[in-house]
A.B. asks: 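Could you have a look at this structure, given as structure tokens, before my questions?
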Amino acid sequence: MERLRHDDPSHVGPYVILARFDAESAERTVPERRYLGRTADGQRTVLVCVPRIGADPSRWAIEAEGARRLSVPRFLGIAEMGGTAGFPWYAAPYTPALPLPAVLAAYGGPLPEDTVRRLGAALAEGLAAVHARGVTYAGLSPAAVLVTPGGPLLTCVGAVRAAAPDGVRRSGLPGLDPGCLAVEQASGGRPGPLGDVFALGAVLAYASTGHTVPEQGELPPGLRGLVGSCLSSDPAARPQSAGEVLRELVSPAAGRGPGGEAYPRAGTVLDHAAVPLPGRVVAALAAQSAAVLAAELPAPHQPFASPQKVH
């Protein structure tokens, strides 16, 4: 939670805005403005999202409506949409959640490889499900991954499409992490599933190193081959589906040596149904939840009493 600024809305639809969801330092790579809001009666708390200042609200609303209609695992469930053509919004029920950059900040650095594998497998599962419906996510980045006690949730669907029409270069646009844009998308090509695979590799790299474009030597040896192939500039050299990435992450033989050779991993197939979180991350989620529960609605403005004459 972050304090509101003078340019933040005090209300969005029926919700009183309590706080910013994202840290100010993360704004550059968050494709929408996210707030914590509450109904005036205090009964419901929600995550409220609105377009970035300067974004095309109509394109943003189209993508938000498409996300609302999705019903697939690992994606944030949008409960309602509203607003006007110039100021659309959507809301989802609040659950304690941290964007992936905040998770690394709470942990104190890159996450352990086992946590990265489980996190990546859950994200790959969500991508495979949405691709099976013929939809390209086109919005995966560290800021788009919300880590909750029940596992990660994907948000910001269609951020790449909303940022610029097809045929327009997207690198350097506000709200888009350039390290998550495949070459073919940064140059203005139509987003496709292999662009999502590239972005998944960038998110795995970020979780492992703190960078979406790491040096090969920064990556854990067990993830170098997979992440390196996902980040290939040649789409044909990447894993050809999110399901392929999922299998590689959960397989006992997942992981590659420095020369690209597979090496066995001890134990059984990785269970990615749950993503156990480090204690410091759990503590940060608990602290956020407590802060939200303790947040009070702003007192309504009282009209000034008319000055009375003194005789």
Side-chain angles (χ1 to χ4, degrees), residues 1-2 4-5 7-22 26-27 30-99 102 126-127 129-130 133-141 143-163 175 285 288-289 291-298 300:
M1 291 177 61
E2 300 284 328
L4 295 176
R5 299 191 318 213
D7 56 344
D8 290 320
S10 60
H11 292 74
V12 173
Y15 301 108
V16 180
I17 300 304
L18 302 175
R20 284 177 162 246
F21 182 74
D22 294 285
E27 284 184 352
V30 182
E32 55 195 14
R33 290 183 289 161
R34 303 189 288 202
Y35 300 97
L36 294 171
R38 184 171 290 157
T39 51
D41 61 8
Q43 295 301 304
R44 289 192 297 128
T45 303
V46 295
L47 175 67
V48 183
C49 302
V50 301
R52 287 177 63 98
I53 294 174
D56 183 336
S58 61
R59 295 184 66 87
W60 183 91
I62 289 171
E63 295 298 339
E65 175 61 23
R68 187 187 68 82
R69 295 179 181 180
L70 287 176
S71 180
V72 293
R74 305 297 185 184
F75 278 77
L76 178 71
I78 295 176
E80 57 185 315
M81 290 187 63
T84 63
F87 189 76
W89 57 266
Y90 71 79
Y94 169 73
T95 187
L98 293 173
L127 287 181
V130 79
R133 295 194 171 198
V135 177
T136 298
Y137 176 16
L140 181 55
S141 70
V145 177
L146 301 188
V147 176
T148 78
L153 294 175
L154 291 163
T155 68
C156 305
V157 175
V160 174
R161 288 186 293 264
L285 287 166
Q288 182 200 79
S289 179
V292 171
L293 286 172
E296 296 183 357
L297 293 171

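Computed from a predicted model, the values in this text were never measured in an experiment. Only this structure's heavy atoms are used, side chains among them; waters, hydrogens and symmetry mates stay out.
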A.B. asks: Within a reach of under 6.0 Å around CZ of Arg5, are more than 12 heavy atoms found that belong to other residues, nucleotides or ligands?
C.D. replies: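 Yes, CZ of Arg5 has more than 12 neighbouring heavy atoms, counting only those of other groups under 6.0 Å.
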
A.B. asks: Do Thr136 and Val130 come close enough that some side-chain heavy atom pair is under 4.5 Å?
C.D. replies: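 Heavy-atom side-chain distance check fails, nothing below 4.5 Å.
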
A.B. asks: Quick one, Leu285 and Pro149 - any side-chain contact, counting heavy atoms below 4.5 Å?
C.D. replies: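 With C-beta onward as the side chain, the pair touches.
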
A.B. asks: For residues Trp89 and Val12, determine if any side-chain heavy atom of one lies less than 4.5 Å from a side-chain heavy atom of the other.
C.D. replies: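 Touching, per the 4.5 Å side-chain cut-off.
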
A.B. asks: Taking the side chain as every heavy atom from C-beta outward, state whether Pro99 and Asp22 have any atom pair closer than 4.5 Å.
C.D. replies: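 In contact.
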
A.B. asks: Tell me, with the steps shown, if Ser289 and Leu293 meet side-chain contact (heavy atoms from CB on, under 4.5 Å).
C.D. replies: CA-CA 6 Å; Ser289 179; Leu293 286 172; 4.3 Å; yes

A.B. asks: Walk me through whether Arg38 and Thr45 qualify under side chain to side chain donor-acceptor pair (under 3.5 Å).
C.D. replies: CA-CA 4 Å; Arg38 184 171 290 157; Thr45 303; 2.9 Å; yes

A.B. asks: Please report the C-alpha distance between Leu146 and Arg34 in whole Å, then the side-chain angles of each, then the deciding distance to 0.1 Å, and finally whether the side-chain contact (heavy atoms from CB on, under 4.5 Å) criterion is met.
C.D. replies: CA-CA 12 Å; Leu146 301 188; Arg34 303 189 288 202; 3.9 Å; yes

A.B. asks: Hey, what do you get for CG (Leu18) to CG (Leu4), rounding to the nearest 0.5 Å?
C.D. replies: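 The CG atom of Leu4 is 8.0 Å from CG of Leu18, to the nearest 0.5 Å.
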
A.B. asks: So do the side chains of Met81 and Glu65 get within less than 4.5 Å of each other, counting heavy atoms only?
C.D. replies: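 Met81 vs Glu65: side chains touch.
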
A.B. asks: Ring centroids only, cut at 6.0 angstrom: are Tyr90 and Trp60 within range, meaning strictly under it?
C.D. replies: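 Distance test on ring centres: under 6.0 Å, yes.
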
A.B. asks: Let me confirm one number: the CG-OG distance from Leu154 to Ser141, rounded to the nearest 0.5 Å.
C.D. replies: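 Those atoms lie 10.0 Å apart.
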
A.B. asks: Yes or no on side-chain contact (heavy atoms from CB on, under 4.5 Å) for Arg33 and Ile53, after CA distance, side-chain angles and deciding distance?
C.D. replies: CA-CA 8 Å; Arg33 290 183 289 161; Ile53 294 174; 3.8 Å; yes

A.B. asks: On a heavy-atom basis, which atom in Val16 and which in Ala40 lie closest, and how many Å separate them?
C.D. replies: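 Val16 and Ala40 have their closest heavy atoms at CG2-CA, 4.4 Å.
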
A.B. asks: Would you check, one step at a time, whether the test side-chain contact (heavy atoms from CB on, under 4.5 Å) holds for Tyr94 with Val292?
C.D. replies: CA-CA 10 Å; Tyr94 169 73; Val292 171; 3.7 Å; yes

A.B. asks: Can you tell me how far apart OG1 (Thr155) and CG (Leu47) are? Round to the nearest 0.5 Å.
C.D. replies: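 Output value for this atom pair is 8.0 Å.
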
A.B. asks: Using salt bridge (charged side-chain N to carboxylate O under 4.0 Å, His left out) as the criterion, list what pairs up with Arg161, not counting sequence neighbours.
C.D. replies: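 Arg161: salt bridge (charged side-chain N to carboxylate O under 4.0 Å, His left out) contacts with Glu63.
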
A.B. asks: I need the Leu36 CG to Phe21 CZ distance, nearest 0.5 Å.
C.D. replies: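 Leu36 CG to Phe21 CZ: 6.5 Å, rounded to 0.5 Å.
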
A.B. asks: Run the side chain to side chain donor-acceptor pair (under 3.5 Å) test on Glu2 and Tyr35 for me, step by step, so that the C-alpha distance in whole Å, both residues' side-chain angles and the decisive distance to 0.1 Å come before the verdict.
C.D. replies: CA-CA 9 Å; Glu2 300 284 328; Tyr35 300 97; over 6 Å; no

A.B. asks: For the CD1 atom of Ile17 and the CG atom of Leu297, what is their distance to the nearest 0.5 Å?
C.D. replies: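 Answer rounded to 0.5 Å: 11.0 Å.
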
A.B. asks: Kindly indicate whether the side chain of Glu32, heavy atoms from C-beta on, has any atom under 4.5 Å from the side chain of Cys156.
C.D. replies: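 In short, these two side chains touch, coming nearer than 4.5 Å.
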
A.B. asks: Within the distance-only criterion (no hydrogens, no angle test), does the side chain of Thr148 pair as donor or acceptor with the backbone N or O of Pro96 below 3.5 angstrom?
C.D. replies: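 Checked: no pair found.
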
A.B. asks: Just do the salt bridge (charged side-chain N to carboxylate O under 4.0 Å, His left out) check on Glu27 and Arg20 with the steps written out, would you?
C.D. replies: CA-CA 11 Å; Glu27 284 184 352; Arg20 284 177 162 246; 2.3 Å; yes

A.B. asks: Does any N or O in the side chain of Arg52 come within less than 3.5 Å of the main-chain N or O of Val30, such that one atom is a donor and the other an acceptor?
C.D. replies: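 At least one qualifying donor-acceptor pair exists.
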
